[in-house]
Amino acid sequence: MSDLTVQPMTGAGGAEISGVDLAKPLGEKTFAAIRKAFDDYLVLVFRDQTLSPDAFESLVQKFAPLQPHPFVKPVDGHPCMIMIERKADEAQEVKIVGEDWHADAPWLENPVAGSSLYCLEAPPYGGDTNFCNLMIAYDSLSEGVKKTIEPLILVSRAASGADYLKSQQGNKSMSYDLSTDIHKECEHPLVQIHPRTGRKVLAVTGPYGYKFKGWTEKESKPLMDMLLAHATRSEHTFRVRWKKGSLGVWDNRCTLHQAIKDYPGFARRMLRLQFKGVRPMGHAMPETMVAAPL
Ligand code: SIN
């Protein structure tokens with residue numbers, strides 16, 4: 001515990017944690033310090049870790065029980081783990097997983113609380129993941145916009161994301177199963193209260209949230225586009241650089257992320273897990289204010 005250090009990455013979030021070997025069982029105090037850093041910095045990066053798939057699962061399960069990915073075929077023997085892979089000879093025009101700004105599975109009644117990547121192979125340069133902080137994005141809106149969006153309910157469905165996944169079907173390395181009910185809609189407050197910190201979150205979701213409740217898609221799009229552009233302004237974002245053995249874990253309730261496709265001719269392989277969350281709460285849906293624990 002005494003060796004653990006937390007080095008903040010940027011004013012928008014992210015921290016590198018050193019002095020901890022994640023392959024060894026973590027004491028309660030050590031994990032409490034990691035959890036506190038997670039609440040404070042939203043994205044944590046641990047370097048030079050040597051982890052088996054089982055050890056990767058044991059670590060991530062400390063945050064919350066694991067949740068299987070709805071579309072991507074899992075790694076053999078690990079039903080909640082997927083491999084995100086791009087081969088060196090993949091055509092540059094083929095989309096990569098997560099290329100557009102997005103939250104993970106926001107169409108679920110209880111969206112995932114967080115996700116984690118463990119890097120098995122990184123390109124010599126490029127292949128970063130970009131993150132944005134949706135709490136400072138909310139804070140930096142004008143009072144007028146805050147008041148306008150507070151009562152809005154965002155309607156999400158996996159289908160818009162599935163169109164995007166289908167566009168990756170040329171990808172040689174990934175295997176998808178889109179047979180789940182991808183058209184099922186889910187409603188969540190646009191302005192959410194983070195269940196651990198109580199801070200307000202501008203809960204835009206990228207491609208999945210496609211309209212506001214009671215509005216048409218056409219009516220919703222301009223405001224949706226403005227809010228996404230605001231959320232992803234440079235001063236709200238930060239990038240994680242990956243190396244073999246890096247492990248990153250992020251809070252999916254208050255960040256969006258985007259994989260950057262800038263490493264043609266090089267391979268990238270990451271193991272990925274995600275963990276369960278609770279129903280998002282917000283004043284726009286008063287029933288959620290009592291349903292979800294603070
Ligand atoms: C993801 O969207 O989960 C993947 C991000 C990445 O590969 O950088």
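Both ligands and their constituent atoms are indexed starting at 1 by order of listing. Worth knowing before you read on, the calculation uses all heavy atoms, side chains too, and leaves out hydrogens, waters and symmetry mates.
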Check ligand 1 against [X] and write out every atom of the ligand that is under 4.0 Å from a heavy-atom position of the residue.
X: I84; answer: 4 (C)
X: T129; answer: 6 (C), 8 (O)
X: G98; answer: 2 (O)
X: A259; answer: 5 (C), 6 (C), 7 (O), 8 (O)

Are any of the heavy atoms in I260 under 4.0 Å away from ligand 1? no
Ligand 1 contact by H257, heavy-atom criterion under 4.0 angstrom: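 Contact check H257 vs ligand 1: positive.
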Single-linkage hydrophobic cluster L190~M135, side-chain heavy atoms < 4.5 angstrom: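 Yes, because L190 and M135 connect within a single hydrophobic cluster, where side-chain heavy atoms sit under 4.5 Å apart.
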Pick one: which of N133, L134, T129 meets side-chain contact (heavy atoms from CB on, under 4.5 Å) with F131?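 Single side-chain contact (heavy atoms from CB on, under 4.5 Å) partner of F131 among N133, L134, T129: T129.
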Among R268, Q274, R272, the residue with a heavy atom nearest to atom 6 (C) of ligand 1 is R268
Would you verify whether the NZ or CZ of R199 falls within 45 degrees of the ring axis of Y138 while also being under 6.0 Å from that six-membered ring's centre?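 The answer is no, since R199 fails at least one limit relative to Y138.
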Are any of the N/O atoms on D104, whether in the backbone or the side chain, positioned under 3.5 angstrom from an N/O atom of ligand 1? no
Tell me which part of I96 gets within contact of ligand 1: side chain, backbone, both or neither, using heavy atoms under 4.0 Å. neither
Under 4.0 Å from ligand 1, counting heavy atoms only, is it the side chain of H102, its backbone, both or neither?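 The answer is the side chain.
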Apply the test side chain to side chain contact (heavy atoms under 4.5 Å, CB included) to residues K62 and R35: give CA-CA distance (whole Å), side-chain angles for both, the deciding distance (0.1 Å), then the verdict. CA-CA 9 Å; K62 284 187 165 296; R35 166 78 85 184; over 6 Å; no
Side chains of R268 and E90, heavy atoms from C-beta outward: is any pair under 4.5 Å? no
If the plane angle is over 60° it's perpendicular, under 30° parallel, otherwise tilted; pick one for Y208 and H102. perpendicular
Hey, what's the ring geometry for Y125 with F266, parallel, tilted or perpendicular (30° and 60° as the breaks)?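 Geometry flag for F266 against Y125: perpendicular rings.
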